[in-house]
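Below you'll find the structure, written out as structure tokens, and then a few comments.
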Amino acid sequence: MELVVALGVIVFKVALVIAILLLLPLPLTWLERKIAGHMQQRMGPMRVGWHGLLQPVADGIKLLTKEDHIPAEADRFLFKLAPILALAPPFVVFAAIPFGESVSVLGNEITLYISNLNVALLFVFAVIGLEVYGVIFGGWAANSKYAVLGSLRTCAQMISYEIPMGFAVIGVVMLAQSMSLLDIVRAQTDVWNVVYQPIGFFVFFVAGLAEAQRIPFDLAEAEGDLGAGFHTEYSGIRFALFMVSEYVVMVLVSVLTVILFFGGWNGVLIPLPPLLWFLLKVAFFVYLFMWFRFTFPRYRYDQLMAIGWKVLLPLSLANIIISGVVFS
């Protein structure tokens, strides 16, 4: 009976996480448009619902009812598979993400994570790297020069930025003496890692912007020179899957930033519930993603590559050396 209950709890957690991630783009698209509007001295969405609150619902209906167009010369199998490949890895990663220690429900302790992997950090980087295959397949299968260029840009961009992103967290692993995300948060009970690892945080967050393909690093879908990049030929629900993937990756990078460098659910000064602390920190970094999008211009592609190889990679290596000397 206990086994059945335990399995039921796991299934419920998985279903809850999937439901939340699938619904997240609804409030986030509305919030991003409002932030853009206020930064540009305009109102943003106002027509559908109070202050445009129902605009994401209207967009969802539009995407669900639009024609599902597939180019005549496209590889139909890969064309259909690509959005799923882009969406699945970010969802899988959340199986290893903790949102807190545990809560008591009807006298039972329920952990706020699906699994506690002792190599969770390695699992996260291994799985999230697979997301690029969806983008590459989508651009290649469309048989369009703009889409292919976008997918090739993505491939080079991910290689260039995932290396310093991985190096940036080595100092955090040194401090926690573990790759378990729970242990990393517990090690920050007194002092957050950002105090000891400011360079690691900078490299990780900038590389995270590139990983999420957000401005100023959205060269894979630069509308100025590639139409819409790798998803130029996509429409309807398949286009929506790519957009959901982008928002989920943005939230994932924000969550990892909070867990690795900003104490996770550990609070300071104000006695708030740990889960609320965690959500507030994540919301702050999601806001930064949106703020940067409407503040910074897009880099040229040679500048994008130069930042990854000539700035972030040397900084991440220097951070490893300094951390090794200081914390050994």
Side-chain angles (χ1 to χ4, degrees), residues 19-64 66 90 99 161 194 201-202 204-229 231 239-259 261-263 265 267-270 272-273 275-300 303-304 307:
I20 291 174
L21 293 178
L22 284 174
L23 292 175
L24 263 181
L26 293 178
L28 290 181
T29 52
W30 177 85
L31 182 63
E32 187 161 25
R33 291 177 180 185
K34 278 295 184 183
I35 290 173
H38 287 293
M39 291 184 72
Q40 297 165 0
Q41 295 185 339
R42 54 186 178 83
M43 298 300 292
M46 290 293 291
R47 293 183 178 277
V48 187
W50 183 78
H51 275 264
L53 280 172
L54 296 179
Q55 185 64 52
V57 178
D59 291 340
I61 294 172
K62 178 188 71 174
L63 290 171
L64 287 171
K66 284 187 72 173
F99 301 93
Y161 282 84
V194 69
F201 159 66
F202 172 78
F204 183 87
F205 188 69
V206 173
L209 284 170
E211 182 76 19
Q213 299 175 33
R214 303 276 298 186
I215 288 177
F217 302 113
D218 69 331
L219 274 295
E221 49 186 277
E223 66 272 8
D225 50 347
L226 294 182
H231 55 65
F239 172 80
L241 293 179
F242 278 120
M243 292 300 98
V244 171
S245 174
E246 179 181 317
Y247 277 103
V248 172
V249 171
M250 178 177 67
V251 173
L252 175 61
V253 173
S254 301
V255 167
L256 289 174
T257 303
V258 170
I259 289 175
F261 296 99
F262 285 83
W265 46 88
V268 289
L269 300 177
I270 304 173
L272 298 175
L275 181 59
L276 182 57
W277 263 116
F278 184 78
L279 295 177
L280 287 174
K281 293 177 187 178
V282 172
F284 171 74
F285 281 102
V286 169
Y287 171 75
L288 280 187
F289 269 90
M290 298 178 179
W291 176 20
F292 289 172
R293 177 177 178 180
F294 302 105
T295 302
F296 297 106
R298 181 184 292 116
Y299 288 108
R300 293 197 319 264
Q303 294 173 328
L304 171 84
I307 290 171

Under a 4.5 Å cut-off applied to non-hydrogen side-chain atoms, are Val194 and Phe201 in contact? yes
Taking every non-hydrogen atom, the tightest pair across Phe204 and Val253: CE2-O, 4.2 Å
Could you walk me through whether Leu63 and Met243 pass the side-chain contact (heavy atoms from CB on, under 4.5 Å) test, one step at a time? CA-CA 11 Å; Leu63 290 171; Met243 292 300 98; over 6 Å; no
Atom of Val244, atom of Leu21 and distance for their closest heavy-atom approach: CG1-O, 4.4 Å
Side-chain donor-acceptor pairs of residues 45-60 under 3.5 Å, sequence neighbours excluded:
unit_1 : atom_1 : unit_2 : atom_2 : d
Gln55  : NE2    : Asp59  : OD1    : 3.1
Asp59  : OD2    : Arg33  : NH1    : 3.0
Asp59  : OD2    : Arg33  : NH2    : 2.8

Tell me, please, which residues at least two apart from Arg214 pass side-chain hydrogen bond (donor to acceptor under 3.5 Å, both in side chains). Glu32, Glu246
Thr257 and Phe205: CA distance, side-chain angles, deciding distance, side-chain contact (heavy atoms from CB on, under 4.5 Å) verdict: CA-CA 7 Å; Thr257 303; Phe205 188 69; 4.0 Å; yes
Of all heavy-atom pairs linking Val249 and Glu211, the shortest is CG1-O, 4.1 Å
Verify side-chain contact (heavy atoms from CB on, under 4.5 Å) between Leu275 and Trp265, making sure each step is shown before the conclusion. CA-CA 6 Å; Leu275 181 59; Trp265 46 88; over 6 Å; no
Would you name the heavy atoms of Leu304 and Tyr161 that are closest together and state the gap between them? O-OH, 2.5 Å
How long is the gap from CZ on Arg293 to CD1 on Ile35, to the nearest 0.5 Å? 11.0 Å
Solution key, residues 276-284 side-chain donor-acceptor pairs under 3.5 Å, sequence neighbours excluded:
unit_1 : atom_1 : unit_2 : atom_2 : d
Trp277 : NE1    : Ile270 : O      : 3.1
Lys281 : NZ     : Phe262 : O      : 2.6
Lys281 : NZ     : Gly264 : O      : 2.9
Lys281 : NZ     : Asn266 : O      : 2.6

List the atom of Pro216, the atom of Pro297, and the distance in Å for their closest heavy-atom pair. CB-O, 3.2 Å
What distance separates Met250 CE from Leu209 CG, expressed to the nearest 0.5 Å? 10.5 Å
Going through the checks in order, is the side-chain contact (heavy atoms from CB on, under 4.5 Å) test met by Phe289 and Val286? CA-CA 5 Å; Phe289 269 90; Val286 169; 5.5 Å; no
